[in-house]
Amino acid sequence: MRPLVMVPELLLFGGGLAVLSIGSFVPRQRQWWTGGLAAAVLVAAIAAAAVEAVGPRRTAFEGTFCVDTPTGVARILAAAGALFTMAVAVGEIRSSARESETYALVLFSTAGVLVMAGATDLLVLATGYLLTSIPLYGLIGLPRTATAAEAAMKAYLMGALFGIVLLLGISVLYGVTGATGYDELAGRLGAAPAAVVAAGIVAVLAGLMFEAGSVPAHFWVPDSAEGANGTAAMFLTTVPKIGALIAVYRLATVFPTTVHWPLLVALFAVTSMTLGNLAAYWQHDPRRLLGWSTVSQVGFLLVPITVIGRSDLAVPSLLFYLGGYTLTNSAAFAVTTALPGKRELSSYRGLARARPWLAAALIVALLGLVGTPPTAVFVGKLTTATAAWDGGQAWLAVAVFANSLISLFYYLRWIIPSIQQRAEDSAGQTFSPNRWSAVTAVMTAALSVLVGIFAGAIWPLLA
């Protein structure tokens, strides 16, 4: 084991402790110091992750945590997603009563995401799950409004329930194998009773679906996206999914052939993308629409996991899609945070005329989520469908294209008003965006296009 192989995780957790401690003594008017410290920690974590990404596969803590390409990508994406969240938070919660606590909770939860992504032991995976989810409950409830309190309670109850389900699944798998390490599980699960192994696999995957925001643990996501402030909504719909989906990928590499687990993951994927699309169509609140959209996007992200080991495109397509989704979803939520008073799709009428750059960022983000070239999500969806086809799951490739087409309709319900001229009765409406959120929206939208254009140069690094 190389010394300090877990530097990014240590930086994030230690940074969270430092921000929380310093914030307790700094006056409210100077809480921005803690924000600057949190941002510096995230930048340092990204730099450390980039350095650690070079080299062979390494392990830590007697093989319970590994550093490889998926871990390196997860570290960079999660820290970058949290950094975008910090940029949005500067304009939204500056000098508020819970500013330093917000920064600390974001750092703690991000550290949990990285632990989940690199875990190669079921007990470490459970630890990462708890470290990721517990700060989320606090983030969701920080606004102290009725809707935020309801959303926090739903998230807590769902998280507790599926956390118990996850631990139950871990107990079952340990009971039939006597091991929690992935290497040992890979050698012993095949000889264990298939029915018991199937029950354990279902429970573990269902537990991880809470962090991913997928069916069957998705109910909390739209309520939290709507009830929480923009900072929390942007974070919870983006960063936790990175750790959860890479954790599912790692588990898929050790599941035995005696259990038809790809069908289970495929059912989660198709149900999630279809239900998310259908539910999003009827939404009028932009953030709630994006909440259902993220449920749908997780369905697409689960598709390459179904063909792990049967297609060489599976892992790079998953990692690339995660990167594209992080940028694109961050851009969409940054727009809603830049215009916090616009909580109806119709209230965006006239945005293109009043704030063309912000409207352009919104259109790029929404069309990107559909999978329109040349955005990064387009490459992600295309390679995801290709991986499914290559792995003998042609019906999943068809489901990806069909659901992408369906999603266009509800994204157009938001795009069309933004490019229309304002009606006479709404001519008095103003668009005074939060500067930090607007800059974040434009920057992440532009990055999503650039990553899509230069996908050919990025792909070999993931493969």
Side-chain angles (χ1 to χ4, degrees), residues 6-49 74-117 127-145 148-149 151-152 155-156 159 211 224 227-243 330 333-334 337 436-437 440:
M6 295 185 69
V7 168
E9 291 77 13
L10 294 172
L11 279 172
L12 291 174
F13 192 82
L17 291 176
V19 167
L20 193 61
S21 301
I22 294 172
S24 301
F25 300 98
V26 175
R28 183 181 299 180
Q29 294 76 12
R30 296 184 179 179
Q31 292 286 310
W32 62 269
W33 288 4
T34 60
L37 175 60
V41 167
L42 288 168
V43 171
I46 293 173
R75 285 170 161 177
I76 294 171
L77 292 182
L83 192 60
F84 298 145
T85 302
M86 292 289 183
V88 166
V90 169
E92 185 179 43
I93 62 171
R94 187 74 169 270
S95 300
S96 67
R98 296 290 179 266
E99 184 176 2
S100 60
E101 287 90 336
T102 299
Y103 301 143
L105 290 172
V106 167
L107 291 176
F108 286 141
S109 188
T110 306
V113 169
L114 301 194
V115 172
M116 275 201 303
T127 302
Y129 176 96
L130 295 173
L131 183 56
T132 301
S133 56
I134 292 175
L136 285 182
Y137 311 145
L139 277 173
I140 295 168
L142 280 177
R144 295 193 176 185
T145 62
Y156 168 73
E211 295 292 0
S224 298
N229 60 26
T231 300
M234 180 175 169
F235 180 82
L236 67 89
T237 57
T238 306
V239 177
K241 302 183 186 319
I242 298 168
S330 296
F333 270 98
T337 311
W436 281 92
S437 297
T440 304

| Can you tell if the side chain of T231 reaches within under 4.5 Å of the side chain of M86, non-hydrogen atoms only? | no
| Do you know which two heavy atoms are closest between L37 and A18, and how far apart they sit? | CD2-CB, 4.1 Å
| Looking at A79 and L42, what are the two nearest heavy atoms and their distance? | O-CD2, 3.9 Å
| said: So which atom in P8 and which in A48 form the shortest heavy-atom distance, rounded to 0.1 Å? | reply: CG-CB, 4.0 Å
| task | Can you measure from CD1 (I134) to CG (L139) and round to the nearest 0.5 angstrom? | result | 12.5 Å
| said: Quick check against the 3.5 Å criterion: does E211 have a side-chain atom that pairs as donor or acceptor with the backbone of G243? | reply: no
| said: Nearest 0.5 angstrom please: L11 CG to L107 CG, how far? | reply: 10.0 Å
| message | Tell me if a side-chain donor or acceptor on T102 pairs with a main-chain N or O of R98 at a distance below 3.5 Å. | response | yes
| message | Distance check, rounded to the nearest 0.5 Å: T34 atom OG1 versus I22 atom CD1? | response | 8.0 Å
| task | Could you go through the side-chain contact (heavy atoms from CB on, under 4.5 Å) check for T110 and F235 one step at a time? | result | CA-CA 9 Å; T110 306; F235 180 82; 3.4 Å; yes
| query | Rounded to the nearest 0.5 Å, what separation is found between the CD1 atom of I76 and the CD1 atom of I46? | reply | 7.5 Å
| For S330, which of T440, T238, V88 qualifies under side-chain contact (heavy atoms from CB on, under 4.5 Å)? | T238
| note | Rounded to the nearest 0.5 angstrom, the CG-OG distance for L20 and S100 is 6.5 Å
| field | Atom of I140, atom of A155 and distance for their closest heavy-atom approach | value | CD1-CB, 3.6 Å
| Can you check side-chain contact (heavy atoms from CB on, under 4.5 Å) on V41 and Y103, steps first, answer last? | CA-CA 11 Å; V41 167; Y103 301 143; over 6 Å; no
| remark: Taking every heavy atom of G227 against every heavy atom of P143, the minimum-distance pair comes out as O-CG, 4.4 Å
| message | Could you go through K241 and V113, starting from their C-alpha distance and side-chain angles, then the distance that decides it, and tell me whether this counts as side-chain contact (heavy atoms from CB on, under 4.5 Å)? | response | CA-CA 8 Å; K241 302 183 186 319; V113 169; over 6 Å; no
| Value rounded to 0.5 Å, distance of CG in L10 from CG in L114 | 10.5 Å
| field | Closest contact, heavy atoms only, S224 versus L236 | value | CB-CD2, 3.9 Å
| message | Over 60° means perpendicular and under 30° means parallel, so tell me whether F108 and F13 are parallel, tilted or perpendicular. | response | tilted
